[in-house]
Colleague: 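Attaching a single structure in structure tokens format; questions to follow.
Quick note on labels: first sequence line is chain A, next is B, and so on, each numbered from 1.
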Number of protein chains: 4
Amino acid sequence: MIIVLKREATEEIAQEILARIEEKGLKPLYMPGSERVVLGALGDERVLSELGLDGHPMVESLKPILSPYKLVSREMHPHDTVVRFGKANIGGGGFAVIAGPCAVETEERLRDSAKAVASAGAIAIRAGAYKPRSSPYSFQGHGPEGLATLRKIGDELGLPVVTEVMDTADVDAVAESADMLQVGARNMQNFSLLKALGKVRKPVLLKRGLAAKVEDLLLAAEYLLAAGNEQVILCERGIRTFETVTRNTLDLNAVAYMKQKTHLPVVVDPSHGTGVRDLVVPMSLAAAACGADGLLVEVHENPVEAWSDGAQSLYPHQFEALMAGLQPVLAAVGRELA
Amino acid sequence: MIIVLKREATEEIAQEILARIEEKGLKPLYMPGSERVVLGALGDERVLSELGLDGHPMVESLKPILSPYKLVSREMHPHDTVVRFGKANIGGGGFAVIAGPCAVETEERLRDSAKAVASAGAIAIRAGAYKPRSSPYSFQGHGPEGLATLRKIGDELGLPVVTEVMDTADVDAVAESADMLQVGARNMQNFSLLKALGKVRKPVLLKRGLAAKVEDLLLAAEYLLAAGNEQVILCERGIRTFETVTRNTLDLNAVAYMKQKTHLPVVVDPSHGTGVRDLVVPMSLAAAACGADGLLVEVHENPVEAWSDGAQSLYPHQFEALMAGLQPVLAAVGRELA
Amino acid sequence: MIIVLKREATEEIAQEILARIEEKGLKPLYMPGSERVVLGALGDERVLSELGLDGHPMVESLKPILSPYKLVSREMHPHDTVVRFGKANIGGGGFAVIAGPCAVETEERLRDSAKAVASAGAIAIRAGAYKPRSSPYSFQGHGPEGLATLRKIGDELGLPVVTEVMDTADVDAVAESADMLQVGARNMQNFSLLKALGKVRKPVLLKRGLAAKVEDLLLAAEYLLAAGNEQVILCERGIRTFETVTRNTLDLNAVAYMKQKTHLPVVVDPSHGTGVRDLVVPMSLAAAACGADGLLVEVHENPVEAWSDGAQSLYPHQFEALMAGLQPVLAAVGRELA
Amino acid sequence: MIIVLKREATEEIAQEILARIEEKGLKPLYMPGSERVVLGALGDERVLSELGLDGHPMVESLKPILSPYKLVSREMHPHDTVVRFGKANIGGGGFAVIAGPCAVETEERLRDSAKAVASAGAIAIRAGAYKPRSSPYSFQGHGPEGLATLRKIGDELGLPVVTEVMDTADVDAVAESADMLQVGARNMQNFSLLKALGKVRKPVLLKRGLAAKVEDLLLAAEYLLAAGNEQVILCERGIRTFETVTRNTLDLNAVAYMKQKTHLPVVVDPSHGTGVRDLVVPMSLAAAACGADGLLVEVHENPVEAWSDGAQSLYPHQFEALMAGLQPVLAAVGRELA
């Protein structure tokens, strides 16, 4: 860490801070300049945060040198993590497509949607039983019954299922019923939930928060790994910006960046990432081209009747076309569909 | 709600949608224009969302007319809600200052900080026992023991205490121990937590999320009121923008706007809102001038030794100066310190 | 346009506004609801803005129905505009790559960089003679001599050149010397410059501003077309968001959206869009996959010695690899390199 | 500047970079750590940018230590700059209110608006003759005739006038006619315009761009001072964020921050900063409370008939009330109206 002192900081203050750095077992550095004294402290930046230097009235700014995440870093673990999910792998070079409706509505509808995505090549079914909704007056999901319906349909089709968990109180039930647990964007920094999921022995799909920097997302994943769960899949689903023609701004830069910085698989949700049905296909192809490990796509057997997210859900025939369109793009970048 | 159809939508489709609107008991409107057909549906917009029109392939856009929040709206409830907190009121024309350290560290330190803020005029003590931290390697709070320490100090000084609750599993314990429960910015849309807090009979301080629109914050409050808890205080604490010289961008526009749109009290957290100690005083005065009902300020007996948020914590003498400076500004806008 | 009146607006006020709408030759609509009166005005929204209704104290909000841009809209002009540039076309189904260094530095260096990109398949050379720089102490470009050098190198290699113009006073000189004129992100809403460029008979490359909504970009292009220049190419180059690991957030959503809404060609600048050399190739492939009509890429013969933008400039061998990598991706989406 | 090398950088590369730093007359520092080698270069950061280290493939990141602006910095010039404007001063402890309509419409209307603001205590009149408008179909201002009208009204009332200049070609004409030249938000980084205004001997009001960081604004002002014009007033007018209930997000944090970092006066435009008439008064009071040196307020004699910005223009009686309300707030913070 680099510590820039204020112009008015005295030599005495600099020496006092250097002594504190040394006490912590870190290597202190003294760099007097013409306009400022700059100090350095080399070593584990996690220890440095204990120094409380950010509160010092003579410290102008602190500049960390090392990234604050460790376990998720590719530097520590150069090879891709591969998460086994049903019969498919996520990460490690293939491309996995998970699809299904926003929510479990009725059993029949879910069956129809699930069959459609399965026959088109999805490796797993997604659908929500617990729904985080901005308004208390919107459909909140069927809860435990929704979970059971999803399990039933997954079993019928022989496909694994992924569903969101919103509350530590539901973690056991969801972990028992589903094959992968999703943390939604609004809960990405629900640290109690992350700690609970760190103890689960099922894969976790962690969605990026609306205002989460990439570093925040990697640190959220670090919570899961630090608690013992290494089966983590990151999901870029769009961030909130000033643009209003799309629901969110899909940040594919983040996908390409994360593929370099972390060994964890990275998938893309083009449905929430755009919020516009007609943009889902082109952005799915873009995700495949820039190195994503898969997609999470909303598909509904009849979006006009969807109880939520209808505007961004594909019709089954559009999903088929997407799967067909993905293949040559994946081949072009040396990947193939899982 | 206004429904703009795509250019290629036929008359038949327009009639079919109008019929669906009528079926729901809403008043349909037909407005054929030169370039587009526009439809209207007047009535309860909560019912409208069931129509699923956003998923219709011939619908170009939907434009809501009424605000989606009801119970928190000043239109429904013109008079200010006043939340009783200890011996003071929040809302209704006074100005309440709550202060204390970021976290409960040791009992001695908390006592020193609490005494300092109490003697300067704070109406209540704030300090975290459960700390949401971006990194799993940062201090996570003392949990239940922290809660007990906070209660003890509050009792010693005869002041009510506010502290954060992060997990539905902790709601009962925190509600038993604290006088007001805080929902942090990262949990503003943790809807499970909101539902649980809706059943509590203690005041809730709801902080705006980093990427939350004002409407999202009001809808989050609506969850609390809809579940039965009317003692809700909103807190503006800065939003995440591209600016980096401050930790967040304190959005005082939102304070002035919310004072017109909702009857709930609105307080400001200038500590997180700026992240910079030297900006806390001017922004506190600005908050008082634009109509806020109070402040939530971080004060530490010795910020250099704070385990978290030292950079934005005031020294006790700075807090005293703030309290002295607030009085004439409040008088200028016809308010006085609670 | 939909006009939502305030709750307290009287019937009289509604009638007065309806009369003003009718006076302007627009079709008025009256929609009384249970909580609000809503008015409509159908017809040319450009006329509507003359009504000044946004200033009316009894108007709560205005909701436009039609997009404010006309000439650039695909609705008005369904077929792709194709801009001829040297021997290549931009728009209409091919994929054109323009490349070169950030700035004209020395003649030798520009020649080396230009030869490298030409031999790898770029259809044109880019380099700045006038450089917009955040700091007055940074290299500001060689101006007219830079322009002459660029022209000389373009002629030597038989390739057209594109360069930025920053000032109406330089429009004639740049138009005489260069084959395409670039408007930089910081000048996207320099309306004087846009008006001047509307009279030029050379293609204009219009870059999206850092905080420009897609609609703002399309309206900026509308200035050019309205002034008579139909040879306009739009360029997505990243927007400013809270994310800091990349210089900007490349908004490929906007590319896919604009390809549907406008007939103008849309190219992508992955160099500014990421600011990170290692992300340029994956984001170029993503741009190709989601429907862009080409790229604008910074390539320098030796980025370590570049006077600006070295961190985001490709080495020549990286550019060659990019061109090789683009071909199969383009083939996968039914396009080919121009 | 701190230079963090990549993990794979060799000792040889570090030495080569240190040699380049020394060659430039800067002081090199070598800091080998356990995970990274970190280098330092102390001295004028303007020279450092010539090193091109950001393009080096073995450099992971660069961290500047000193602020890039010099002439505008309070460190270089501790005392407040005071700009003389008519009979009033801006900066140095008073509080100056400039007001008027968005645009010069007709002579009569401008006279009425100007009289109203003058009698309420404005020190100067603002109105636009050249109007930057998002759409080419919106009113673009009366140009030179508008300028003449504004001058005439200013002379009649004995008040100085401020108006926007959008084009280098108009700088002489505007400088001759107006008493202060405004650079609009969209032109904040129109560096040609800044250079031209640096040579003018009249005050310049520089508005912050919609996506401009505070540092960008200070560097834009640095262009003016570096070119010889020291009469510069900075204006915070709201930035573009995800929030949509207000037109922009007024960043008062920036005002308090800039008052500490620069000696230049800082004024606030609450009209553009909110875009909502009913928020102008509270945000004006907040600006006064947090240390701003004045306001720039839109007032129209009849906003319903304004040709632009009607929704955010005050009625004359509201402006009077604002002036009355400002006085006690200013007194509370030790200032008085100019």
Colleague: Below 4.5 Å, heavy-atom pairs only: which of C:S135, C:S61, C:A226 has the largest tally toward chain D?
Modeller: C:S135
Colleague: Distance check, rounded to the nearest 0.5 Å: D:N187 atom CG versus C:N187 atom CG?
Modeller: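 If I round to the nearest 0.5 Å, the distance is 7.0 Å.
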Colleague: Is it the backbone or the side chain of C:Q140 that comes under 4.5 Å from a heavy atom of chain D, or both, or neither?
Modeller: side chain
Colleague: Do NZ/NE/NH1/NH2 and the carboxylate oxygens of D:R240 and C:D216 come within less than 4.0 Å?
Modeller: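 Between C:D216 and D:R240 there is a salt bridge, with a charged N closer than 4.0 Å to a carboxylate O.
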Colleague: Less than 4.5 Å to any heavy atom of chain C: does that hold for the side chain of D:E222, its backbone, both, or neither?
Modeller: both
Colleague: Heavy-atom count check: over 12 atoms from other residues, nucleotides or ligands less than 6.0 Å from D:K6 NZ?
Modeller: yes
Colleague: Given a strict heavy-atom distance threshold of 4.5 Å, which part of D:K213 is in contact with chain C: side chain, backbone, both, or neither?
Modeller: both
Colleague: Taking atom CD as the centre, does D:E12 end up with more than 12 heavy-atom neighbours from other residues, nucleotides or ligands that are less than 6.0 angstrom away?
Modeller: no
Colleague: Heavy-atom cut-off 4.5 Å, strictly under: side chain, backbone, both or neither for D:N302 against chain C?
Modeller: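 Neither part; nothing is under 4.5 Å.
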Colleague: Quick check for you: to the nearest 0.5 Å, what is the distance between D:F191 atom CZ and C:R133 atom CZ?
Modeller: 9.5 Å
Colleague: Got a sec, which residues hit side-chain hydrogen bond (donor to acceptor under 3.5 Å, both in side chains) with C:K24, two or more places apart in sequence or on another chain?
Modeller: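 C:K24 satisfies side-chain hydrogen bond (donor to acceptor under 3.5 Å, both in side chains) with C:E50 only.
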Colleague: Which distance, rounded to the nearest 0.5 Å, do you find between the CE of C:M188 and the CZ of D:R186?
Modeller: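 If I round to the nearest 0.5 Å, the distance is 8.5 Å.
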Colleague: Strictly less than 4.5 Å between heavy atoms, which residues of residues 307-318 of chain D line up against chain C? Please order them by number.
Modeller: D:G310, D:A311, D:Y315
Colleague: Given heavy-atom pairs under 4.5 angstrom as the criterion, report whether the side chain, backbone, both or neither of D:A185 touches chain C.
Modeller: neither
Colleague: I'd like to verify something: which residue of C:M166, C:K70, C:E305 has the highest number of heavy-atom pairs under 4.5 Å with chain D?
Modeller: C:M166
Colleague: Does CG belonging to C:D278 count more than 12 external heavy atoms closer than 6.0 Å?
Modeller: yes
Colleague: What's the separation between atom OG1 in D:T168 and atom CG in C:D170, rounded to the nearest 0.5 Å?
Modeller: 7.5 Å
Colleague: Atom CG of C:L217 and atom OG of D:S134: how far apart are they, to the nearest 0.5 Å?
Modeller: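 C:L217 CG to D:S134 OG: 12.0 Å, rounded to 0.5 Å.
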Colleague: Chain C heavy atoms under 4.5 Å from D:P68: which part of the residue, side chain, backbone, both or neither?
Modeller: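 For D:P68, the backbone is the part near chain C, not the side chain.
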Colleague: Counting only heavy atoms closer than 4.5 Å, note whether C:Q189 contacts chain D via side chain, backbone, both or neither.
Modeller: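 Answer is both: backbone and side chain atoms of C:Q189 are under 4.5 Å from chain D.
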Colleague: At a 4.5 Å cut-off on heavy atoms, which part of D:N190 comes close to chain C: side chain, backbone, both, or neither?
Modeller: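 Contact with chain C involves both backbone and side-chain atoms of D:N190.
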Colleague: What's the spacing between C:Y137 OH and D:Y223 OH if we round to 0.5 Å?
Modeller: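 If I round to the nearest 0.5 Å, the distance is 10.0 Å.
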